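Single-structure report; data block below.
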Amino acid sequence: MEKCKMYIGGNWEDSGSGKTFTTLNPATGEEIFSVPCADQADVDRAVKAARAALPVWSRMKQSERSKALYKIADAIRENAEEMAMLEVREHGTPYNDAIGVVYGAADKFEYAAGTAPTLMGRHVPVGDGALSYLQREPVGVVGLITPWNLPTIMNAVKLAPALAVGNTCVLKPASINSRIGLKMAEIISQAGLPPGTVNVVTGPGGSVGSALASHPDVDMIGFTGSSETGKQILADAAKTVKKCVMELGGNNPAIIMEDADVDASLKVLGWRQFNNSGQHCSAPGRYYVHERIYDEFLNKYVAYAKTVTVGDPADKKTVMGPLVSQEHLEKVQWYIEKGIEEGARLLYGGVRPGNLEKGFFLMPTIICDASHHMTIAKEEVFGPVAVIIRYSDKDDITALANDSPYGLCAHVWTQNLPKGMKLINDLHVGAVFINCQMLTNEQLWGTSIKESGLGKEGGMEGMAEFTDLKLVCVNYDI
Ligand code: NAD
């Protein structure tokens, strides 16, 4: 088993206590990496290193910082094969997706390098004799806490903008795929950033993540994960009034209207549902399908699910790999059983594929005849499970869609665009996708609606979250 070290202050280190934990290959259940298990003292060292690097990195010319980020993007591309194989082995991402994910991470650094020079302050007119302007500054030492569901991308989407505008960072990746976070540190270490600009500490969220969130010398937390963890982090961060940008849970409605192009909708939503084993924050959590196309939608969804090859993520023919862990697999299976117990119908899947004895695999699953009030439709399942509810003209579809503690995004499919667009104002969510699902580097993501988060990630607005605007006012009429 490969033994890994953490990256603190430009050095590769074991945890101070010498404790370690192991990560697994979800396709086999085998232990693959031994990772340092950090504690409070390790977090303190990482934060101290980030604080010491801040004056150097934050005062560097923007062009120099951007150059360093372009180097990181190049290094990611040069190491793409190795990074993709880590995604395959430690997360279960099918190889073809994993390669795309790694190039996507390189693009994030390139986008941040190119965009940061255009993110400026502004002049504030205050009348004759005085000059006032808003100067944009990095927030400072930023703690980044990431989830397991898209490890390489999640680390890149936070590190790239935070670094581009001059912050120094302590990253705590999800424990389950810690090695992927440490690989990112390895890549960044090749780009010549001042030591301490990026630090990566590994260990359990409840101790290491919490130590970061409550640390008095951390200025900001950038977090992606569940709403429950988000609330704990906010409570920890409140003790020192930290800025927090939180990308949290969702249970996204997909409204399939009577005039939807069913084939086109399944090409997009079916892919979202089963790609990455459904472990996508933007995947539909519940489908409301109009009664007039309900049977057609079910039949075509089953036909689509049958095309999804489940298997070894290293095999280039595989479309869907395993779920990330035994614990998560059991949670998803629990939801399926609960759905059936509460009266929904298992239409397809719901079991381990017969040819796969080891690993955390589940077949693409379709649950139909669900109702809005069932547990499986109310809570975030976060797996390869399409939960389908029939609706009719008598239902208030926006009320159903909005009836959730979450408000991350919504999907709408209709060929009557004016009708679909009328829903935009009524859907209480951070993003509405009509007849598509796309997220580019220029688009932002995230929302401050209900329990789905606080603030934005990605795009110009996401980068701006990592800055503060200092008011400057000078009287020159003296
Ligand atoms: P999680 O909340 O369990 O863990 C996320 C991270 O927080 C991990 O690094 C974990 O170690 C750490 N953590 C756990 N407890 C902590 C604590 N008390 N203090 C500080 N850190 C702590 O989430 P997960 O299971 O890794 O990811 C799945 C969740 O992430 C889902 O709810 C999904 O919706 C959400 N998610 C949201 C988005 C979005 O953009 N809104 C994107 C991806 C995933």
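Each ligand, and each atom within it, is numbered from 1 in the order the structure gives. Fair warning: this is a prediction, and the values are worked out from it, not measured in the lab.
Atoms of ligand 1 found under 4.0 Å from any heavy atom of Gly209 (numbered from 1 in listed order, with element): 19 (N), 20 (C), 21 (N). Residue contact check: Thr229 has heavy atoms under 4.0 Å from atoms 1 (P), 2 (O), 3 (O), 7 (O), 13 (N), 14 (C), 15 (N), 16 (C), 17 (C), 22 (C) of ligand 1. Listed by number with element, the atoms of ligand 1 under 4.0 angstrom from any heavy atom of Gln232 are 18 (N). The distance from ligand 1 to the heavy atoms of Ile233 drops below 4.0 Å at these ligand atoms: 19 (N), 20 (C), 21 (N). Listed by number with element, the atoms of ligand 1 under 4.0 Å from a non-hydrogen atom of Leu408 are 41 (N). Listed by number with element, the atoms of ligand 1 under 4.0 Å from a non-hydrogen atom of Trp445 are 39 (C), 40 (O). The ligand atoms of ligand 1 that sit less than 4.0 angstrom from a heavy atom of Gly249 are 32 (O), 34 (O). Listed by number with element, the atoms of ligand 1 under 4.0 angstrom from any heavy atom of Glu380 are 31 (C), 32 (O), 33 (C), 34 (O).
Screening Trp148, Tyr335, Phe361, Phe360 for a ring pair (Phe, Tyr, Trp, His ring centres under 6.0 Å) with His328, the sole residue that qualifies is Trp148.
Trp148 NE1, 2.8 Å is the protein heavy atom nearest to atom 25 (O) of ligand 1. With hydrogens left out, the protein atom closest to atom 8 (C) of ligand 1 is Thr146 O, 3.2 Å, a heavy atom. From the protein, the heavy atom lying nearest to atom 27 (O) of ligand 1 is Pro147 CB, 3.4 Å. Protein heavy atom closest to atom 17 (C) of ligand 1, with residue, atom name and distance, is Gly205 O, 3.4 Å. Atom 7 (O) of ligand 1 has its closest protein heavy atom at Phe223 CE1, 3.2 Å. Closest protein heavy atom to atom 35 (C) of ligand 1: Gly225 O, 3.2 Å. Closest protein heavy atom to atom 11 (O) of ligand 1: Lys172 NZ, 2.9 Å. The shortest contact between atom 23 (O) of ligand 1 and any protein heavy atom is with Ser226 N, 3.4 Å.
Asp403 and His372 form a side-chain donor-acceptor contact under 3.5 Å, judged by distance and modelled atom types alone.
The closest heavy-atom contact to atom 36 (N) of ligand 1, among the options Thr224, Leu150, Ile153, comes from Thr224. Considering Ile221, Asn149, Ile145 only, the shortest heavy-atom separation from atom 44 (C) of ligand 1 involves Asn149.
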_ring-ring contact (aromatic ring centres under 6.0 Å, His included) between Tyr287 and Tyr301, worked out_ = CA-CA 12 Å; Tyr287 296 72; Tyr301 215 150; 5.6 Å; yes
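With a 4.0 Å heavy-atom cut-off, ligand 1 is reached by the backbone of Leu248 but not by any atom from C-beta on. Residue contacts with ligand 1 for His280 are absent, since no atom lies close enough (heavy atoms, distance under 4.0 Å).
Looking at Asn275, its side chain never comes within 3.5 Å of a backbone N or O of Met320 through a donor-acceptor pair. For Ser452 (side chain) and Gly249 (main-chain N/O), a donor-acceptor pair under 3.5 Å exists by modelled atom type. In terms of modelled atom types and a separation under 3.5 Å, the side chain of Thr168 and the main chain of Ala50 share a donor-acceptor contact.
A salt bridge links Arg77 with Asp107: the closest approach of a Lys/Arg side-chain nitrogen to an acidic carboxylate oxygen falls below 4.0 angstrom. Using a 4.0 Å cut-off between charged side-chain N and carboxylate O, Arg286 and Glu380 make no salt bridge. With respect to Lys456 and Glu247, no salt bridge is recorded, no charged nitrogen being found less than 4.0 Å from a carboxylate O. Ion pairing between Asp219 and Arg51 holds under the 4.0 Å rule for side-chain N and carboxylate O. In this structure, Lys19 does not pair ionically with Asp14, as no charged nitrogen and carboxylate oxygen lie closer than 4.0 Å.
No side-chain heavy atom of Lys158 sits less than 4.5 Å from a side-chain heavy atom of Ile145.
Using a non-hydrogen distance threshold of 4.0 Å, Glu457 does not register as a contact of ligand 1.
Closest of all the heavy-atom pairs between Ile221 and Ala213 is CD1-CA, 3.7 Å.
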